[in-house]
Number of protein chains: 2
Amino acid sequence: MAFSIYTPTMAATRDRIIVATNELFRRHGYNGTSLSQISEAAEATIGSIYHFFPGGKEALGVVVIDTTAGIYRELFESIAADSPDPHSAFQSFFASAGEVLKASNFIDPCPIGTIAREVANTNEALRQAAERAFNSWIASVELYLITAGIDPHSAGDLAVMFVTTVEGTFVVSRTLRSTAPLEAAARHIVTAIDVAPRPTQTTAR
Amino acid sequence: MAFSIYTPTMAATRDRIIVATNELFRRHGYNGTSLSQISEAAEATIGSIYHFFPGGKEALGVVVIDTTAGIYRELFESIAADSPDPHSAFQSFFASAGEVLKASNFIDPCPIGTIAREVANTNEALRQAAERAFNSWIASVELYLITAGIDPHSAGDLAVMFVTTVEGTFVVSRTLRSTAPLEAAARHIVTAIDVAPRPTQTTAR
DNA sequence: GTCTATAATTTGATAGAC
DNA sequence: GTCTATCAAATTATAGAC
């Protein structure tokens, strides 16, 4: 499966607004994106934006975060389901993330971390949405690792580390315009997976 | 001050502007911080800001990034110099980062990653400043690890991974308002350091 | 070096016709 | 649901007196 957040056939106005906002947030962040830009990119008037999101820019931001979080969680679960083991699952995830970065000329693959840093101390609704996103990813990865036979305590640590690594490599790789940080982190994650204790199985990998 | 191009007031005001801007960027990011806020926090008029930074907000941002990058690099090098080995150096770094996060009620410890994500695709001067910051940290950590006897190739990977991990844990820990992600990442970094090859067993460990 | 005043735009948001 | 018109406030930046 392609490493993309876009879903096909989006015609409804509300969906166009969400998709356009997501794209703009990826490039300019939350504070750097104006409603007029969203209106133009979504081909919807400001009036339409307020019709679907009476709470304005903040309410729209919450929906964008929740939607994007779900798409990324499903992307990970899809890659995991198609992989023979955690080692190759994580390898695939980082490999396709790197390809998307390069193909998009190092546009941010995901707006959630950016928004989190911008508003974590000033907008509680958006901060909580980002918290839901991170927690849902951690829970999904943790469950997958446990199901794959990894010691539950190690699985929790590895899941947290995976999410922090994704966030960290996205900033650094994007800023340096190089996938090298992504690849270095992938090697380390995969090694950590390999050496994690597996109570019900002896061989790693 | 006949023989100096700097007057006392000049240095003081310029310094106040840089420090105040750094603090505001940590809380609200680059686009979320206005010159009027900076003016108020620095107790300097808008006219003074433009006197010291004719390039306006962008030029001020570049100086803030470069200054902060140097402070953080020196902080790491100071902790490294005071530690008996890389294992405890990294442990100390993450431990004190966690204390700073808690003590500040999870304000962002560093504005650079936030700015990088906000402007990496729209402001080349700021993106390059962030790139300089990341690269200087990576180079500093790499040199330290090599000096400590770690295999040069591993040292490069570990240095990159350290910087990405710092960035990733700062976002996630701050958003979740918990130092747990920071601690989980610290455990893995320390383990990676422990298992890294040491070809010349001179001063390692 | 510092200050006030202000220019020129843009912002998020609202009202009401259709 | 979509549209135009518009609001008050805030934005970066400049000019010029002191």
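In what follows, chains are A, B, ... by sequence order, proteins preceding strands, each numbered from 1.
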Side-chain donor/acceptor of [X] to backbone N/O of [Y], under 3.5 Å:
{"X": "A:Arg174", "Y": "A:Phe106", "value": "yes"}
{"X": "A:Arg73", "Y": "A:Trp137", "value": "no"}
{"X": "A:Ser173", "Y": "A:Phe170", "value": "no"}
{"X": "B:Glu58", "Y": "B:Ala125", "value": "no"}

Could you tell me whether A:Ser39 contacts a base, only the sugar-phosphate backbone, or nothing, with contacts defined as non-hydrogen atoms closer than 4.0 Å?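 Nothing: the residue A:Ser39, judged by heavy atoms under 4.0 Å, touches no strand.
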
What does B:Gly56 touch in the nucleic acid at a heavy-atom separation under 4.0 angstrom: a base, only the sugar-phosphate, or nothing? sugar-phosphate

Nearest listed nucleotide, side chain of [X], among [options]:
{"X": "B:Thr13", "options": "D:dT2, C:dT2, D:dT11", "result": "C:dT2"}
{"X": "B:Ser48", "options": "C:dA13, D:dT12, C:dC3", "result": "C:dC3"}
{"X": "A:His51", "options": "D:dG1, D:dT11, C:dC3", "result": "D:dG1"}
{"X": "B:Thr45", "options": "D:dA13, C:dC3, D:dT11", "result": "C:dC3"}
{"X": "B:Phe52", "options": "D:dG1, D:dT12, C:dT2", "result": "C:dT2"}

In plain terms, say whether A:Arg127 and A:Glu124 are close enough for a salt bridge, that is, a side-chain N and a carboxylate O under 4.0 Å apart. yes

How many whole angstroms separate atom [atom1] of [X] from atom [atom2] of [N]?
{"X": "B:Lys57", "N": "D:dA13", "atom1": "NZ", "atom2": "C1'", "value": "12 Å"}
{"X": "B:Asn31", "N": "C:dT10", "atom1": "CG", "atom2": "C1'", "value": "13 Å"}
{"X": "B:Phe53", "N": "D:dA13", "atom1": "CZ", "atom2": "P", "value": "13 Å"}
{"X": "A:His28", "N": "D:dT11", "atom1": "NE2", "atom2": "P", "value": "20 Å"}
{"X": "B:Arg16", "N": "C:dG1", "atom1": "CZ", "atom2": "P", "value": "12 Å"}
{"X": "A:Ile49", "N": "C:dT11", "atom1": "CD1", "atom2": "C1'", "value": "13 Å"}
{"X": "A:Leu35", "N": "C:dG12", "atom1": "CG", "atom2": "P", "value": "4 Å"}
{"X": "B:Leu24", "N": "D:dT11", "atom1": "CG", "atom2": "P", "value": "12 Å"}

OP1 or OP2 of C:dT11 versus the side-chain N and O atoms of A:Ser34: is any pair under 4.0 Å? yes

Distance below 4.0 Å between A:Ser36 side-chain N/O and C:dT11 OP1 or OP2: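 Yes, A:Ser36 has a side-chain N/O under 4.0 Å of OP1/OP2 on C:dT11.
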
